[in-house]
Amino acid sequence: ETLTSPWVVASESDGTRRRTFDPPLESIRFPLTVGERWKQSVKMTDERGQTRNWRASFRAVRWEQVKTPAGEFNALRIERQMNLGDREANWGDTSVFDVFWYVPEVKRWVRRERRSERHERAVEGRVERDWTVWELVQR
């Protein structure tokens, strides 16, 4: 990830694809309080120059205890729901649901989960799903 400021992503790469965001995509917005909500729309451009309009809605949900390999933390749960605007002839838009567990004392999220889902329109019941978890570890 290339950050323009803490928790604001200007571009990212998964090793095979590179994406840039205009304006940069937020992960977390400060100051944060439980119950806060906000929205963001960004233009994503991929390595081939194709653009898509991503829409995201965020909310700071509640304080939770979360366990990671680095220990147990009292963390603020932040949820981000995104529509990636990638509808094609046979596929609907990808829906992404991220959860960040942010710990102010650590000044970062200590756990993050990302789930994505995309339904094929041509074949009833066919769905692409992905689930990725990142956790803080001790060195």
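Throughout, residue positions are numbered sequentially from 1 according to the sequence presented.
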- So L76 and W101, side-chain contact (heavy atoms from CB on, under 4.5 Å) or not? Walk me through it. CA-CA 5 Å; L76 181 57; W101 284 270; over 6 Å; no

- Task: Determine, stepwise, if the pair V110 / V66 fulfils side-chain contact (heavy atoms from CB on, under 4.5 Å).
- Result: CA-CA 8 Å; V110 296; V66 61; 3.8 Å; yes

- Stepwise side-chain contact (heavy atoms from CB on, under 4.5 Å) test for N83 and W54: CA-CA 6 Å; N83 178 301; W54 287 17; over 6 Å; no

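Residues S11 and T20 have side chains that never bring a donor and an acceptor to within less than 3.5 angstrom of each other. If you check the side chains of R19 and S13, you find no donor sitting under 3.5 Å from an acceptor.
R62 has a carboxylate O that lies under 4.0 Å from a charged side-chain N of E64, or vice versa, which qualifies the two as a salt bridge.
Taking the side chain as every heavy atom from C-beta outward, E79 and R77 approach each other to under 4.5 Å. Contact of the L136 side chain with the R108 side chain is registered, since non-hydrogen atoms from C-beta on lie closer than 4.5 Å. A 4.5 Å side-chain heavy-atom check between T68 and V137 finds every atom pair outside the cut-off. Side-chain contact between R52 and K43: absent, with no pair of heavy atoms (C-beta onward) separated by less than 4.5 Å. Looking at heavy atoms from C-beta onward, V9 lies in side-chain contact with E1 at the 4.5 angstrom threshold. Side-chain contact between E88 and R118: present, with at least one pair of heavy atoms (C-beta onward) separated by less than 4.5 Å. At least one side-chain heavy atom of F58 sits less than 4.5 Å from a side-chain heavy atom of Q40.
Nearest heavy-atom pair, D86 versus G92, reported as atom, atom and distance to 0.1 Å: OD1-O, 4.0 Å. Listed here is the closest heavy atom pair of K39 and S57: CG-CB, 4.1 Å. F21 and V42 get closest at one heavy-atom pair: CD2-CG2, 4.2 Å.
Applying the side-chain hydrogen bond (donor to acceptor under 3.5 Å, both in side chains) rule to S95 yields the partners Q81; only residues at least two apart in sequence or on another chain are considered. Under the side-chain contact (heavy atoms from CB on, under 4.5 Å) criterion, D22 pairs with no residue, sequence neighbours left out. Applying the side-chain contact (heavy atoms from CB on, under 4.5 Å) rule to T4 yields the partners V8, A10, P24; only residues at least two apart in sequence or on another chain are considered. Residues passing the side-chain hydrogen bond (donor to acceptor under 3.5 Å, both in side chains) test with N74, sequence neighbours excluded: none. Remark: S41 pairs with R55 by the side-chain contact (heavy atoms from CB on, under 4.5 Å) rule, at least two apart or across chains. In terms of the side-chain contact (heavy atoms from CB on, under 4.5 Å) criterion, residue partners of D98 (sequence neighbours excluded) are, by chain and number, R80, M82, V96, F100, R112, R114. Applying the side-chain hydrogen bond (donor to acceptor under 3.5 Å, both in side chains) rule to N53 yields no partners; only residues at least two apart in sequence or on another chain are considered. Annotation: salt bridge (charged side-chain N to carboxylate O under 4.0 Å, His left out) contacts of R115 (sequence neighbours excluded): E113. With sequence neighbours excluded, no residue forms a side-chain hydrogen bond (donor to acceptor under 3.5 Å, both in side chains) with W109.
Sequence neighbours left out, the pairs with a member in residues 128-137 that pass salt bridge (charged side-chain N to carboxylate O under 4.0 Å, His left out) are R111-E135, E117-R129. Applying the ring-ring contact (aromatic ring centres under 6.0 Å, His included) test to residues at least two apart or on different chains, none of the pairs has a partner in residues 61-99.
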Under 3.5 Å, which donor-acceptor pairs link side chains of residues 30-38 to any protein atom two or more places apart or in another chain?
from	atom 1	to	atom 2	distance (Å)
E36	OE1	T33	N	3.3
W38	NE1	E26	OE1	2.9

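To the nearest 0.5 angstrom, I78 atom CD1 is 4.0 Å from I28 atom CD1.
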